Amino acid sequence: MLGVNILCVGKIKEKYLTDGIAEYAKRLSKMCKLSVIEVSEELSRGESAAEIDEVKRREGERLISKIKGYAIALAIDGEPLGSVELAQRIDALSTRGVSEVTFIIGGSNGLHAQVMKRADMKLSFGAMTYPHQLMRLILAEQIYRAFMINGGKTYHK
């Protein structure tokens, strides 16, 4: 069974988000092993580019230490895939013998260049910016949708 990790910065405080992610994790439990891995969020001491880069670097070090298997970084400049295409990618990885896939969501400042360099793929959910906590729920739903597509189910229509 494929292991799927959502690796992210910070904790979710809103109950509706944690409830939604838990629901998709429950639905996915028969299709894959879904884990949400959180690393601590850095507090910015200022707003200069150098200070923000330092925050991203420290968060990035923690993220990189937790990456398992094939790494997919969520990034605005990543490859835009539709749901069917994402399902095909996940299926292809599984077919190639990849046992674990890690999706990486940065904090409010985004991902550091070292995380992007470590990633095997960059994935875009479009040009819009989403709160990083909400992105976890959106990603969980898309992972569920991908497994439903790959299982020949009609959920995705």
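Predicted, not measured: the structure shown is a model, and the values here were computed from it.
- In this structure the side chain of M31 reaches within 4.5 angstrom of the side chain of M148, judged on heavy atoms.
- Taking each heavy atom of C32 and L2 in turn, the nearest pair found is CB-O, 3.2 Å.
- L111 and A73 get closest at one heavy-atom pair: CD1-CB, 3.8 Å.
- Side-chain contact between E41 and S108 is present, with heavy atoms from C-beta onward closer than 4.5 Å.
- Using a 4.5 Å heavy-atom cutoff, the side chains of I90 and V101 are not in contact.
- Contact detail for H112 and K56: the closest heavy-atom pair is CB-O, 3.3 Å.
- Atom CE of M1 has more than 12 neighbouring heavy atoms from other residues, nucleotides or ligands inside a 6.0 Å radius.
- You'll find the side chain of M116 reaches within 4.5 Å of the side chain of D77, heavy atoms only.
- Residues L81 and M135 are members of one and the same hydrophobic cluster, defined by side-chain heavy-atom contacts under 4.5 angstrom among Ile, Leu, Val, Met, Phe, Trp and Tyr.
- Put simply, the side chain of E59 reaches to within 4.5 Å of the side chain of V55, judged on heavy atoms.
- One distance of note links CD1 of I104 with NZ of K122; it measures 12.0 Å at 0.5 Å rounding.
- When all heavy atoms are compared, the tightest approach of S83 to R145 is OG-CD, 3.3 Å.
- Of all the heavy atoms in F103 and L139, the pair that sits closest is CB-CD2, 3.5 Å.
- Put simply, the side chain of S29 gets close to the backbone of K26: a donor and an acceptor are under 3.5 Å apart.
- Under the 4.5 Å side-chain criterion, counting only non-hydrogen atoms from C-beta, F147 is not in contact with R27.
- Under a hydrophobic-cluster definition in which Ile, Leu, Val, Met, Phe, Trp and Tyr are linked whenever side-chain heavy atoms come within less than 4.5 Å, directly or via other members, I72 and L63 are assigned to different clusters.
- T102 places a side-chain N or O within donor-acceptor distance of the main-chain N or O of K68, the cut-off being under 3.5 Å.
- Side-chain heavy atoms closer than 4.5 Å link hydrophobic residues (I, L, V, M, F, W, Y) into clusters, and following such links, even through other members, never connects I12 to I37.
- The shortest distance between side-chain heavy atoms of I105 and V9 does not fall below 4.5 Å.
- A donor-acceptor pair is defined here as one N or O able to donate and one able to accept, closer than 3.5 Å; no such pair exists between the side chain of R136 and the backbone of I6.
- Within the 3.5 Å criterion, the main-chain N or O of I138 finds no donor-acceptor partner in the side chain of Q142.
- Between I143 and Y24 there is no side-chain heavy-atom pair separated by less than 4.5 Å.
- Under the 4.0 Å criterion applied to side-chain N and carboxylate O atoms, R89 and E85 are not assigned as salt-bridge partners.
- Between R57 and E42, no side-chain nitrogen of the basic residue sits less than 4.0 Å from a carboxylate oxygen of the acidic one, so the salt-bridge criterion is not met.
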